[in-house]
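One structure below.
Per chain, numbering begins at 1; letters A, B, ... match sequence-line order. Please read all numbers here as calculations on a predicted model, not as lab measurements.
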Amino acid sequence: MPATYLYLMNEKIRVRFAPSPTGGLHLGGVRTALYNYLFAKKHGGDFIVRIEDTDQTRFVPGAEQYLFDCLEWCGIKPDESPVHSGDFGPYRQSERKSTYRTYAEQLIENEFAYYAFDTPEELEKMRTQLKTPENPSPQYDRMVRMQMKNSLTLSPGEVKSLLANGTPHVTRIKMPADEKISFTDLIHGEVSFDSGLVDDKVLLKADGMPTYHLAVVVDDHLMKITHAFRGEEWLSSAPVHVMLWKYLFGIENMPQWAHLPLILGPSGKLSKRDGATYGFPVFAMNWTDPKTNELVEGFKEKGFLPEAFINLLAVLGWNDGSEQEIFSMHELVEKFSIERVHKGGAKFDFEKAKWYNHEWIKKMPASGISTLVKKLFELKGVSVKDPSYFNTVLELVKDRCTLIPDFYEQAIYFFKEPLVYDEVSIKPKWDEAKKDYFESLAAILGQEDNFNVENIELLFKTLATEKNIKPGELQMILRVMLVGSKIGPAAFAIANTIGKAETISRIEKATIRFESF
RNA sequence: GCCGUGUUGGUCAACCGGUUAAGACGCCUCCCUUUCACGGAGGAAUAACGGGUUCGAUUCCCGUACAUGGUACCA
């Protein structure tokens, strides 16, 4: 595919992420934001967040703030937005209401649009009357517009008086009868439509607010957007936008479009509310619906690292052509290219998502995750006092944690002595000889002034040889004594980490307990 | 129904006319470890179907099927 955007390189790249604040931010939305951001940063351009809140009936309190929280967590920083000042504001469409009307009027003057006075009931009537098995959803298009109540069918005088009386009305685009509308999509290549098959979309609603169609075009123009990336669900309405550009600002000034493939769930499309049923999150962060109070879990709260989250999202539908899978945000900015984005939708695989998180946890230095894990521990009532001890522990158990909450099970024994022991593993191995061994071991360790991994191991094995017991059998028992179960890093490393006194105490307590098994 | 878009293993995917069709996740086997992991070595598993074009198609074109989006005064 031709790199058609290259000729625009002398102009500053400006992209926008234009969400509508109606609820949680799901995977696809974050990825759209991410691709916009990566593209902008790669080309030294600006990343703008514009709030598309033109539907007042769908206003959800808190949704906008939530959106910015998600972007921040992901490390996607807007250059301009309602909360990041810029020269092209306001960045909320509801606050730009008056500007859209001007353009709608201009379209009407040039006969590219018309007023329509049909009431919702009349529209409904038209749809039911024209509905047939072959045409289950009739459109308000060139075939029917001449039978409706609008400025095309009404006399100028009637229109004037309806308008003067304040009759509720909308403005509709007048799609041409027979025109091939095509454009080059950065991902799909040339895409074309027959104008006669596109309906007369509403541009300005009765409440004076623009619809998405008018608003994107006007705002993209006013905000000097050079590249417009959005989900593929918008592809079908692209011809409307193309026509609007042609009528209003000139087709040659239209941004380069890229329609991103959809992210699918296990059984088809990924819908917002199915988070619970899939068994994995669909939102970036926890979202509580203010009306129902229903909480939908997010990736953040599930225990994902933002680095992993954006990594896995970036490569869901894109790759750099190499075999690299782990990318930092910095690398993504460097390597991202919109042409390498897939055309086809991708099914989201939670197993693979977890793998990315696991990789990132392993890769991350303890200091990079300590804050998160500390929070987890404190939530569970375990206070973390010594940061350096904590980091040592994290380094020791990192490899076995896939999600942040895993750290609790994997590291709790470094902070609390075990309360329950793996009885099934101990019972068959425990006898008088072992009891004697561990009693001696506790005594010997108590006399060791140089308590370190090597010495513990040496004393442990020397004593085993003296007592003529295979060290292997003893190691498992020691582990259970220290941990409670058969998990964790090398037993000697655990002993060394928790320290001499604690190690001896745990051996002594366990010896007593094991006697009762 | 109509319109748009898409279709390489179970999933993510490389390839962009000539390959034994990479790699990753997951799964299985083995090694390491008398724990759980990490790690290492193997294995099973793929071009939706039918026509063209071509010396040669997974790659290009056309159908069909399937999937997905749209068909709102929602975005």
Side-chain angles (χ1 to χ4, degrees), chain A residues 1 18-22 52-55 57-58 93 116 118-120 123 127 131-141 168-172 185 187-188 191-194 196-199 201-213 215-216 230-239 259 261-262 264 266 268-269 312 315-326 342-356 358-359 362 397-402 406 409-410 422 425 429 470-480 483 485-491:
Chain A
M1 189 181 309
S20 147
T22 52
E52 310 244 339
D53 56 350
T54 54
D55 187 353
T57 65
R58 296 211 302 166
Q93 290 184 329
D118 317 274
T119 63
L123 286 174
R127 292 199 176 102
K131 190 170 167 178
T132 62
E134 296 76 42
N135 183 14
S137 28
Q139 306 187 115
Y140 197 121
D141 59 13
H169 63 279
V170 302
T171 303
R172 285 178 183 274
D185 185 279
I187 293 167
H188 296 274
V191 183
S192 64
F193 303 83
D194 176 353
L197 267 9
V198 181
D199 62 336
K201 286 263 183 290
V202 169
L203 265 21
L204 213 55
K205 303 186 249 189
D207 64 2
M209 277 289 194
T211 57
Y212 171 85
H213 305 106
V216 245
R230 63 199 341 181
E232 208 188 86
E233 70 268 25
W234 290 108
L235 196 49
S236 300
S237 44
H259 289 88
L262 270 9
L264 279 7
K269 63 181 168 185
L312 70 91
V315 297
L316 194 60
W318 171 86
N319 70 82
D320 75 337
S322 77
E323 284 182 11
Q324 185 173 348
E325 301 212 71
I326 304 300
H342 262 244
K343 292 178 175 177
K347 205 172 279 186
F348 181 73
D349 179 10
F350 191 54
E351 290 306 317
K352 183 96 187 219
K354 283 194 291 191
W355 177 80
Y356 276 104
H358 192 19
E359 290 300 308
K362 284 191 287 177
V397 304
K398 254 180 3 155
D399 288 359
R400 38 209 105 215
C401 298
T402 298
D406 295 344
E409 191 198 352
Q410 294 296 332
D422 182 352
S425 298
K429 307 271 181 190
K470 278 207 258 170
E473 288 211 349
L474 297 165
Q475 268 195 57
M476 188 274 279
I477 297 174
L478 175 66
R479 166 179 303 284
V480 176
V483 176
S485 64
K486 298 195 288 184
I487 63 162

Of Pro133(A) and Gly488(A), whose closest RNA chain B nucleotide lies nearer the 5' terminus?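 The 5'-side residue here is Pro133(A).
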Quick check on RNA chain B: between His213(A) and Ile487(A), whose nearest nucleotide comes earlier from the 5' end?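 Comparing both residues, the 5'-ward one is Ile487(A).
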Rounded [atom1] spacing from [N] to [M] in Å:
N: rU58(B); M: rG50(B); atom1: C1'; value: 16 Å
N: rA44(B); M: rA21(B); atom1: P; value: 14 Å
N: rC15(B); M: rU53(B); atom1: P; value: 29 Å
N: rA48(B); M: rG10(B); atom1: P; value: 11 Å
N: rC66(B); M: rC60(B); atom1: P; value: 23 Å
N: rC30(B); M: rG23(B); atom1: P; value: 23 Å

[X] side chain N/O closer than 4.0 Å to the phosphate oxygens (OP1, OP2) of [N]?
X: Arg58(A); N: rA75(B); value: no
X: His188(A); N: rG6(B); value: yes
X: Lys362(A); N: rG39(B); value: yes

Under 4.0 angstrom, heavy atoms only, what part of the nucleic acid is [X] near: base, sugar-phosphate, or nothing?
X: Glu52(A); result: sugar-phosphate
X: Pro138(A); result: sugar-phosphate
X: Lys470(A); result: base
X: Asp118(A); result: base
X: Glu134(A); result: base
X: Thr132(A); result: nothing
X: Ser237(A); result: nothing
X: Arg127(A); result: sugar-phosphate
X: Val191(A); result: sugar-phosphate
X: Ser425(A); result: nothing
X: Asn135(A); result: base
X: Leu123(A); result: base

Anti/syn call for rC38(B), syn if |chi| within 90°: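 Syn, angle within 90° of zero.
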Does the plane of the ring in Trp234(A) sit parallel, tilted or perpendicular to the ring in Tyr212(A)? Use 30° and 60° as the thresholds.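 Judged by the thresholds at 30° and 60°, the geometry between Trp234(A) and Tyr212(A) is parallel.
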With both pairing distances under 3.5 angstrom for Watson-Crick or G-U wobble, and | for a partner in another strand, the correct string for RNA chain B is (((((((..(((.....[....))).(((((.......)))))....(((((..]....))))))))))))....
Among rA37(B), rC73(B), rG1(B), find the nucleotide with the atom closest to the side chain of Val202(A).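 Closest nucleotide to the Val202(A) side chain: rC73(B).
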Answer yes or no: is there an ion pair linking Lys352(A) with Glu325(A), defined by an N-O contact shorter than 4.0 Å?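 Yes, this pair counts.
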Dump the pairs, protein N or O against N or O of nucleotides 8-12 of chain B, anything under 3.5 Å, distances to one decimal.
{"unit_1": "rC12(B)", "atom_1": "OP1", "unit_2": "Lys347(A)", "atom_2": "N", "d": "2.8"}

